[in-house]
Engineer: 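Here it is, the structure in full.
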Amino acid sequence: MRRFGFVLPILLVLSLGAAPAAAPQTPRGFDPANMDTTVSPCADFYQYAVGAWEKRTAIPAEYGKYGVDQEVEARTFSIVKDILDGAAADQSAPKGSERQKVGDFFAAGMDDARIEEEGVRPLEPFLRRIAAIPDRQALAAAIASLQEIGTSAAFRLDVAPDDRNSAVNILQISQAGLGLPDRDYYLKRDTQSKVLRREYVAHVRRMFRLLGDADLVAGRNAQTVMRLETRLARASMTRDETDDPIATYHKMSRTMLAKGAGGFAWDAYFRALGLDGVENLVVRQPAFFRELGRMAQGVPLSEWKTYLRWHLLRATAGYLSSPFEREAFAFNGTTLEGIPTLPSRWKRVLTETDVALGEALGKLYVERAFGPEAKQKALALVANLRAALRARLQRLEWMGEATKAEAIAKLDAMRVKIGYPDVWRDYTTLEIDRRSYANNVLAARSFEFRRGLAKVGKSVDRSEWATTPITNNAFYEPTLNELVFPAGVLQPPYFHPEADDAANYGDIGATIGHEMTHGFDDGGRQYDAQGNLKDWWTAEDSKAFTERAALLVKQFDAYEPIPGMHINGTLTLGENLADLGGLAIAYDAFKLARQGSPAADPQDGFTPEQRFFLSYAETWRFKLRPEFLRGRLVTDEHAPPKYRVLGPLANLPEFASAFRCQPGDAMVRPAADRANIW
Ligand SMILES: [Zn+2]
């Protein structure tokens, strides 16, 4: 993934959003007005490339981070808003049509009078069910039904390709069940973490108050939640441990699961899911489930009920009346991310419409905004990037012939998805009307959950998309060995069909290269051409790779974006490898595309090579609030944007030569420290 990877579902609605003003239309990859030329490009290239923009830009009140992504989203959102307004006003759309569903979903979300009047009513059936849980079997079944509507109750359930048999979907369970963004939030001993925990407990208490609990009861309940979540946190893997595909792959039978994690009523759980017949599944973190088993057995039912009420509330507060929504934002938005103001309702509802009905909305969007010529141009870029990586693999000195042949076979087998799906999702069985926004959200989540369950044991459908067309992001999926570039990311300034090669290769070219090399990063390299977790490396080549990657871990471990808080070089390794490799091959592809053409004249006083790197830096033009940055340093697999410029470029001789940087300059790392991989 290219940008901010890990986003809790509950925060998703807050992390997207559009700039209030129209985005500037720039046909080239960078704008010289953003540069700070008082700084040498060899001293701090980020400051040099975008320093003037940094200086004149303030983060609008509704954002935790602000920059080039928000400008892209502003463009997308203005088109999508127009589509949604039209669909919502059109009462003549046939009942059951996608236009009716999209229009009604948006209209219900915008009907704040009705949402206020409804209060907490949509949760009542679930609250009653929780209150009535008589025994451990019913507890497990209730957890299943709460997972169905998108809560993070106890753990997480997914249906996805089996890592060791990637043609078939398998049920997978993994650690979850926390209300704070990561286990570290519960366990760290520093003052900041202690303060945050106190604020979290106070927030949970206020939420229980809103639900009608007496103050003392609400306080006790909040402590219960904290105690249970802390136990789950203690049993959880750290974030960099969860990145290891082998350490998190434990395929087992239902009997083995029941033995290892006895105490939890697994039979009742699978029955509630309608998966009585399932025999095998993948357990990501067995130690976590052992503890969950102990808790299911030992923690009083009354405490479990409190925990479940909290997770129900937490997952739905954003769709209830304003006291709930405001309280949820005050903690998740303001306390955790430093965002002062809740984004406008239309932006939140638009984002949620994309989550609920992404392909129905996406179909309407691409009809209007994504033409076949953009798709053709993007495919041509991908072809050049592939050729460049192929050539690099062939001439690698540190990799033996056998591993090389496998790597090239994997690259050749890599599939590419551009823009939008060829086969659109069928929403026939999802019912949406204008009566209740919260009920629409719950219905859409349940639809998606059930759609997943129906895939258990079935062949993987390679035409399916896991992301929606308007998404402003790009992906590599190791179990499918595929690249995905939604229409939402294929637009200026990342990609402009009319821009010159220096701009397009420095922008979207580097992104395409980035995603491609994910197939060969520390995680991706452990999967083969068919997407199976299988070691195709000789021991010698594997050792050479790990040694080179270790240099990058060391480089990023040393960066300290906040005094006392470093980047986690291990957690961010895959992304840093992809940034470095992506840039290197995008640069080669750029040269390849220019082959045979007359040398281009400098523009704005910069050579094409310089413009390539300036365009790259432009895509990382972001400002982050300190709270937002602090959270991301713990949870995000990506280094903060600035370091995604400074880090890889300091390793690239092509960059040094384009700007005539010399050994000893800050932007030129000593040869022995440079991670030279692809
Ligand atoms: Zn990535």
Side-chain angles (χ1 to χ4, degrees), residues 1 160-170 172 240-251 280 282 284 382-383 385-417 459-460 462 466 474-484 512-553 570 572-582 584-585 588 637 675-678:
M1 231 182 277
D162 182 340
D163 299 70
R164 292 200 193 271
N165 178 18
S166 66
V168 178
N169 287 303
I170 189 167
Q172 318 192 353
D240 39 333
E241 284 168 347
T242 60
D243 268 357
D244 180 342
I246 293 174
T248 53
Y249 183 89
H250 305 272
K251 190 169 176 174
N280 295 302
V282 172
R284 293 287 173 198
V382 173
L385 265 293
R386 202 194 291 259
L389 178 51
R390 204 171 202 281
R392 279 205 172 233
L393 288 171
Q394 262 154 351
R395 60 171 191 262
L396 281 187
E397 280 166 17
W398 59 269
M399 193 186 261
E401 291 308 314
T403 312
K404 253 183 211 181
E406 293 278 353
I408 289 168
K410 179 169 184 179
L411 178 65
D412 289 346
M414 212 174 259
R415 282 165 229 258
V416 189
K417 288 175 173 170
S459 296
V460 171
R462 304 236 175 214
F475 306 88
Y476 172 75
E477 175 49 55
T479 56
L480 299 169
N481 192 23
E482 79 174 18
L483 304 163
V484 187
I512 296 168
H514 169 111
E515 298 305 334
M516 236 171 227
T517 57
H518 267 319
F520 306 94
D521 71 16
D522 55 326
R525 76 182 188 87
Q526 304 187 59
Y527 294 81
D528 69 7
Q530 282 70 48
N532 286 310
L533 192 51
K534 196 173 129 198
D535 193 1
W536 46 270
W537 292 63
T538 64
E540 212 173 36
D541 292 337
S542 189
K543 185 165 168 274
F545 175 90
T546 310
E547 278 168 11
R548 282 170 161 72
L551 290 172
L552 213 52
V553 174
T570 306
T572 58
L573 176 61
E575 293 301 327
N576 297 331
L577 282 164
D579 281 343
L580 178 57
I585 65 171
D588 283 3
E637 293 167 356
N676 184 3
I677 301 176
W678 306 122

Engineer: Out of curiosity, Leu411 CG to Thr517 OG1, how far, rounded to the nearest 0.5 Å?
Structural biologist: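 Atom-to-atom, Leu411:CG and Thr517:OG1 are 10.5 Å apart.
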Engineer: With a 6.0 Å cut-off (strictly less than), is the heavy-atom count around CD of Glu540, excluding the residue itself, greater than 12?
Structural biologist: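 Counting other residues, nucleotides and ligands, CD of Glu540 stays at 12 neighbours or fewer.
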Engineer: Got Pro161 and Val168 here, is their nearest side-chain heavy-atom distance under 4.5 Å?
Structural biologist: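 Answer no - side chains too far apart.
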Engineer: If we ignore hydrogens and angles and just use 3.5 Å, is the side chain of Trp398 paired with the main-chain N or O of Ile677 as donor and acceptor?
Structural biologist: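 Between the backbone of Ile677 and the side chain of Trp398 there is a qualifying donor-acceptor contact (under 3.5 Å).
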Engineer: Between CD1 of Ile512 and CG of Leu389, what distance do you get to the nearest 0.5 Å?
Structural biologist: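 Rounded to the nearest 0.5 Å, the CD1-CG separation comes out at 12.5 Å.
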Engineer: Taking the side chain from Arg548 and the backbone from Ala675, do they hold a donor-acceptor pair closer than 3.5 Å?
Structural biologist: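 Not at all, since once roles are kept as given, no pair shorter than 3.5 Å links the two residues.
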Engineer: Not counting sequence neighbours, which residues clear side chain to side chain donor-acceptor pair (under 3.5 Å) with Thr538? List them please.
Structural biologist: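 Partners of Thr538 under the side chain to side chain donor-acceptor pair (under 3.5 Å) test: Asp541.
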Engineer: Side chains of Asp163 and Tyr527: does their closest heavy-atom pair fall under 4.5 Å?
Structural biologist: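 Asp163 vs Tyr527: side chains touch.
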Engineer: Residues in ring-ring contact (aromatic ring centres under 6.0 Å, His included) with Trp537, at least two apart?
Structural biologist: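 Result, ring-ring contact (aromatic ring centres under 6.0 Å, His included) vs Trp537: Phe545.
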Engineer: Mind checking the CZ-CG spacing from Arg164 to Asp528? Nearest 0.5 Å is all I need.
Structural biologist: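 Output value for this atom pair is 10.5 Å.
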Engineer: Sequence neighbours excluded, which residues qualify as salt bridge (Lys or Arg N to Asp or Glu O under 4.0 Å) partners of Lys417?
Structural biologist: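 Lys417 satisfies salt bridge (Lys or Arg N to Asp or Glu O under 4.0 Å) with Glu482 once adjacent residues are dropped.
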Engineer: List the residues meeting side chain to side chain donor-acceptor pair (under 3.5 Å) with Thr248, not counting sequence neighbours, and say none if there are none.
Structural biologist: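 With neighbours one apart ignored, the set is empty.
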Engineer: Mind checking the OG1-CD1 spacing from Thr403 to Ile408? Nearest 0.5 Å is all I need.
Structural biologist: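 Output value for this atom pair is 11.0 Å.
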Engineer: For Thr572, give me all partners under side chain to side chain donor-acceptor pair (under 3.5 Å), at least two apart in sequence or on another chain.
Structural biologist: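 Partners of Thr572 under the side chain to side chain donor-acceptor pair (under 3.5 Å) test: Asn576.
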Engineer: Would you please name every residue forming a salt bridge (Lys or Arg N to Asp or Glu O under 4.0 Å) with Asp522, sequence neighbours left out?
Structural biologist: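 Salt bridge (Lys or Arg N to Asp or Glu O under 4.0 Å) check on Asp522 returns nothing, list empty.
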Engineer: Output every pair passing side-chain hydrogen bond (donor to acceptor under 3.5 Å, both in side chains) with a member in residues 404-414, not counting sequence neighbours, ordered by first then second residue.
Structural biologist: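 Only Arg390-Asp412 qualify under side-chain hydrogen bond (donor to acceptor under 3.5 Å, both in side chains).
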Engineer: Side chain to side chain contact (heavy atoms under 4.5 Å, CB included) for Met516 and Val382? Distances and angles first, verdict last.
Structural biologist: CA-CA 9 Å; Met516 236 171 227; Val382 173; 3.9 Å; yes
Engineer: Counting only N and O atoms by type, is there a donor-acceptor contact under 3.5 Å from the side chain of Trp536 to the main-chain atoms of Ala402?
Structural biologist: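 No, because the side chain of Trp536 does not come within donor-acceptor range (under 3.5 Å) of the backbone of Ala402.
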Engineer: If you define the side chain from C-beta out and look only at heavy atoms, does anything of Thr242 sit under 4.5 Å from Arg284?
Structural biologist: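 They are not in contact (no side-chain heavy atoms under 4.5 Å apart), so the answer is no.
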Engineer: Checking Asp162 now: which residues fulfil salt bridge (Lys or Arg N to Asp or Glu O under 4.0 Å) with it, not counting sequence neighbours?
Structural biologist: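 Per chain and number, Asp162 pairs via salt bridge (Lys or Arg N to Asp or Glu O under 4.0 Å) with Lys251.
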Engineer: I'd like to check Pro478 versus Gln526 (side-chain heavy atoms, cut-off strictly below 4.5 Å). Are they in contact?
Structural biologist: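 Of all side-chain heavy-atom pairs linking Gln526 with Pro478, none is under 4.5 Å.
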Engineer: May I ask you to test the Asn481-Tyr476 pair for a side-chain heavy-atom distance under 4.5 Å?
Structural biologist: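 In contact.
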Engineer: Going by side chain to side chain donor-acceptor pair (under 3.5 Å), name the residues that satisfy it together with Lys534, two or more places apart in sequence or in a different chain.
Structural biologist: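 None.
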Engineer: For residues Ile170 and Gln172, report the shortest heavy-atom separation together with the two atoms involved.
Structural biologist: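 Shortest heavy-atom contact: O-CG, 3.3 Å.
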Engineer: Does Leu573 reach the side chain of Leu552, with side-chain heavy atoms less than 4.5 Å apart?
Structural biologist: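 A side-chain contact exists here, since the closest heavy-atom pair is under 4.5 Å.
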Engineer: Only counting residues at least two apart or in another chain, list the ones meeting ring-ring contact (aromatic ring centres under 6.0 Å, His included) with Phe520.
Structural biologist: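 Testing Phe520 for ring-ring contact (aromatic ring centres under 6.0 Å, His included), a comparison that skips the adjacent residues, returns Trp678.
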Engineer: Can you name the closest pair of heavy atoms from Leu577 and Ala549 and give their distance?
Structural biologist: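 In this case the closest contact between Leu577 and Ala549 is CD2-CB, 4.4 Å.
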Engineer: For Arg462, check side chain to side chain contact (heavy atoms under 4.5 Å, CB included) against everything at least two apart and list the hits.
Structural biologist: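 For Arg462 the side chain to side chain contact (heavy atoms under 4.5 Å, CB included) partners, ignoring immediate neighbours, are Ser166, Arg415, Leu480.
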Engineer: Considering non-hydrogen atoms only, spot the tightest contact between Gly519 and Met414 and give its length.
Structural biologist: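 Heavy atoms only, the tightest pair is CA-CE, 4.3 Å.
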Engineer: Where do Asp588 and Arg395 come nearest, in terms of heavy atoms and distance?
Structural biologist: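 Answer, listing the atom of Asp588 first, then Arg395: OD2-NH2, 3.3 Å.
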Engineer: Please name all residues satisfying salt bridge (Lys or Arg N to Asp or Glu O under 4.0 Å) with Glu547, sequence neighbours left out, ordered by chain then number.
Structural biologist: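 Only Lys543 meet the salt bridge (Lys or Arg N to Asp or Glu O under 4.0 Å) criterion with Glu547.
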Engineer: Under 3.5 Å, is there a donor on one side chain and an acceptor on the other for Glu477 and His518?
Structural biologist: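 No, no side-chain donor-acceptor pair sits under 3.5 Å.
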